[in-house]
Amino acid sequence: MLGFLSARQTGLDDPLRLQRVESTRRVWGLELNKDRDVERIHGSGVNTLDIEPIEGRYMLSGGSDGVIVLYDLENSSRQPYYTCKAVCSIGRNHPDVHKYSVETVQWYPHDTGMFTSSSFDKTLKVWDTNTLQELKILAIEVLDLEIQAEEGKDEKTGGTDKSSRLYLGILETADVFNFEETVYSHHMSPVATKHCLVAVGTRGPKVQLCDLKSGSCSHILQGHRQEILAVSWSPRYEYILATASADSRAKLWDVRRASGCLITLDQHNGKRSQAVESANTAHNGKVNGLCFTSDGLHLLTVGTDNRMRLWNSSNGENTLVNYGKVYNDSRKGLKFTVSCGCSSEFVFVPYGSTIAVYTVYSGEQITMLKGHYKSVDCCVFQSNFQELYSGGRDCNILAWVPSLYEPVPDNDDETTTKSQLNPAFEDAWSSSDEEG
């Protein structure tokens, strides 16, 4: 570590190198946090998670029960063992609750005053969180109710249930978009400054673009033949959109063009021409998940052929990175995520009841995170602290955090072999002259 600091001080190293190395080490050491629970609110499976990008403090979850929950991830109690509490929930008694399963939730990328949700009830809803400032007025009352519940002084209010009812009337919808088909996925651009478009994938073959400013569907992208299972805007270019469909195809679009998509991804890297591009397929099954790398230079796709592929997002070339079998039995969109700010970036993919972690550019599987007892449907990465949150059909949200040390079995020999160490520790913390 001293070597890193010395090299940075003398200008021999990139100032961010130490940060990237430490971030990489922390991802290598991810494990289930036994000291932190996430309050269980959903009565059915958790389909989607999103952490707001401004502070990285608040997390949204959407469930198969139609319920949306907003969590505060900060440990305000400063205790070693704590529970991430629900700040508010849009439960079954809320007048604007989704009627059916919530498939996607997303914070507005530029502030925490708004978020969006989409559902099998054929709607996309925009929610205003600015009224949550009123929670400060209710904080003392809620705290008193929880204390009464713990001490058994008020059996009727039940503490947490009462506070949830207090919150129900606060979150309100700012706008609602209605569609003719079931909504599978939606996404807002994280970098857009010249448009406020929300891309929406539905059971129909057309991608719909909704304008938050006008409150209407601005235009439609045609080219797929079956339902759109996943959509994602590029984090690098605000007009570039990726879509995945049950027709085995993944496409890249420039939404300013009216003549069709830019590229239809071809797993065989065949010569592209207008005559044969319609035959290009990204997978040998449904393409039900996609995610750009944090720099936007590459795109990852997953399909029901149990494969994950890495594509060059500028020319659509299949990089042919081999990730092996990536188990995928999801009948709808699969929400996976990538790391950010590491020396070597990682991808986290739901894999049955576990989460598989791969290095993006080499395809090496570095670990399997085990903790859920039913299938995992979504996960989200918190880049500020290199933490991972996952939601599954067991109704649980689990927190995965970096371990400080790799467990070493007790023995008489005081020396520790390299095989006992987490691989990230072996070279990352050298203080040798060579490192400096």
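Along the sequence shown, residues are numbered consecutively beginning with 1. Bear in mind that the values here come from a model prediction, so they are computed numbers and not experimental data.
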Show the nearest heavy-atom pair for residues [X] and [Y], with the distance to one decimal.
| X | Y | result |
| --- | --- | --- |
| Tyr239 | Lys194 | OH-CB, 3.4 Å |
| Asp175 | Gly215 | OD2-CA, 3.6 Å |
| Gly91 | Val67 | CA-CG2, 4.1 Å |
| Asp50 | Val380 | CA-CG2, 4.3 Å |
| Lys213 | Cys196 | CE-SG, 3.6 Å |
| Ser218 | Leu197 | OG-CD2, 3.5 Å |

For residues [X] and [Y], is any side-chain donor paired with an opposing acceptor at under 3.5 Å?
| X | Y | value |
| --- | --- | --- |
| Lys125 | Thr173 | no |
| Thr48 | Glu103 | no |
| Gln106 | Thr116 | no |
| Arg307 | Tyr323 | no |
| Thr301 | Trp311 | yes |
| Ser64 | Asn47 | yes |

Verify, without hydrogens or angle tests, whether [X] (side chain) and [Y] (backbone) share a donor-acceptor contact under 3.5 angstrom.
| X | Y | value |
| --- | --- | --- |
| Glu52 | Arg57 | yes |
| Thr129 | Gly113 | yes |
| Asn288 | Ala246 | no |
| Gln386 | Ser383 | yes |
| Thr337 | Cys379 | no |
| Asn280 | Asp266 | no |
| Asn269 | Asn318 | yes |
| Asp37 | Glu39 | no |
| Arg309 | Ala282 | yes |
| Ser339 | Glu345 | no |

[X] side, atom [atom1]; [Y] side, atom [atom2] - distance, nearest 0.5 Å:
| X | Y | atom1 | atom2 | value |
| --- | --- | --- | --- | --- |
| Ser117 | Ile90 | OG | CD1 | 6.5 Å |
| Ser76 | Gln79 | OG | CD | 10.0 Å |
| Leu262 | Leu241 | CG | CG | 10.0 Å |
| Met188 | His195 | CE | NE2 | 11.5 Å |
| Ser185 | Leu334 | OG | CG | 11.5 Å |
| Leu297 | Ser314 | CG | OG | 7.5 Å |

Can you name the residues that form a side chain to side chain donor-acceptor pair (under 3.5 Å) with [X], not counting sequence neighbours?
| X | answer |
| --- | --- |
| Arg40 | Asn396 |
| Asp295 | Thr293 |
| Trp400 | Ser390 |

[X] vs [Y] side-chain heavy atoms within contact, under 4.5 Å:
| X | Y | result |
| --- | --- | --- |
| Lys85 | Glu74 | no |
| Ile51 | Tyr389 | yes |
| Leu369 | Val357 | yes |
| Phe179 | Cys210 | yes |
| Asp35 | Tyr82 | no |
| Ile366 | Thr359 | yes |
| Tyr184 | Glu227 | yes |
| Leu252 | Leu299 | yes |

Problem - Audit row: Phe177, Val126, side chain to side chain contact (heavy atoms under 4.5 Å, CB included) steps and yes/no - result: CA-CA 8 Å; Phe177 295 86; Val126 183; 4.1 Å; yes
Practice task
Walk me through it: do Ile240 and Trp253 pass the test side chain to side chain contact (heavy atoms under 4.5 Å, CB included)?
Solution key: CA-CA 6 Å; Ile240 301 299; Trp253 312 76; over 6 Å; no
Practice task
Could you give me the CA-CA distance, side-chain angles and deciding distance for Val191 and Tyr237, then say whether side chain to side chain contact (heavy atoms under 4.5 Å, CB included) is met?
Solution key: CA-CA 7 Å; Val191 295; Tyr237 304 109; over 6 Å; no
Handout entry: Over 12 foreign heavy atoms within 6.0 Å of OH, Tyr100
Key =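 At most 12 heavy atoms, drawn from other residues, nucleotides or ligands, come within 6.0 Å of this atom.
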Problem - Near-ring test Trp233/His186, centroid separation under 6.0 angstrom - result: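 Centroid separation for His186 and Trp233: 6.0 Å or greater.
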Practice task
Kindly state whether the ring of His98 and the ring of Phe120 have centres lying under 6.0 angstrom apart.
Solution key: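 His98 vs Phe120: aromatic centres not under 6.0 Å.
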Practice task
Scan Asp247, Thr264, Val287 and name whichever one has a side-chain contact (heavy atoms from CB on, under 4.5 Å) with His224.
Solution key: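 Passing option: Asp247.
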Practice task
Please assess Ile228 against Thr202 for the test side chain to side chain contact (heavy atoms under 4.5 Å, CB included), listing each intermediate value before the final yes or no.
Solution key: CA-CA 5 Å; Ile228 312 299; Thr202 69; 5.7 Å; no
Handout entry: Salt bridge Arg36-Glu387, side-chain N to carboxylate O under 4.0 Å
Key =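 Counted as a salt bridge, because a side-chain N and a carboxylate O are separated by less than 4.0 Å.
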Practice task
Name the orientation class of the two ring planes belonging to Trp127 and His94 (parallel below 30°, tilted from 30 to 60°, perpendicular beyond 60°).
Solution key: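 Answer is perpendicular, since the angle exceeds 60°.
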Problem - Which residues share a ring-ring contact (aromatic ring centres under 6.0 Å, His included) with Phe381, sequence neighbours left out - result: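 Applying ring-ring contact (aromatic ring centres under 6.0 Å, His included) to Phe381 gives Phe348.
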Practice task
Any pair with a residue in residues 355-384 that passes salt bridge (charged side-chain N to carboxylate O under 4.0 Å, His left out), sequence neighbours left out, goes on the list, sorted by first then second residue, please.
Solution key: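 The answer is Asp377-Arg393.
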Practice task
Just grab all the ring pair (Phe, Tyr, Trp, His ring centres under 6.0 Å) pairs involving residues 280-307, residues at least two apart or on different chains.
Solution key: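 The answer is His298-Tyr361.
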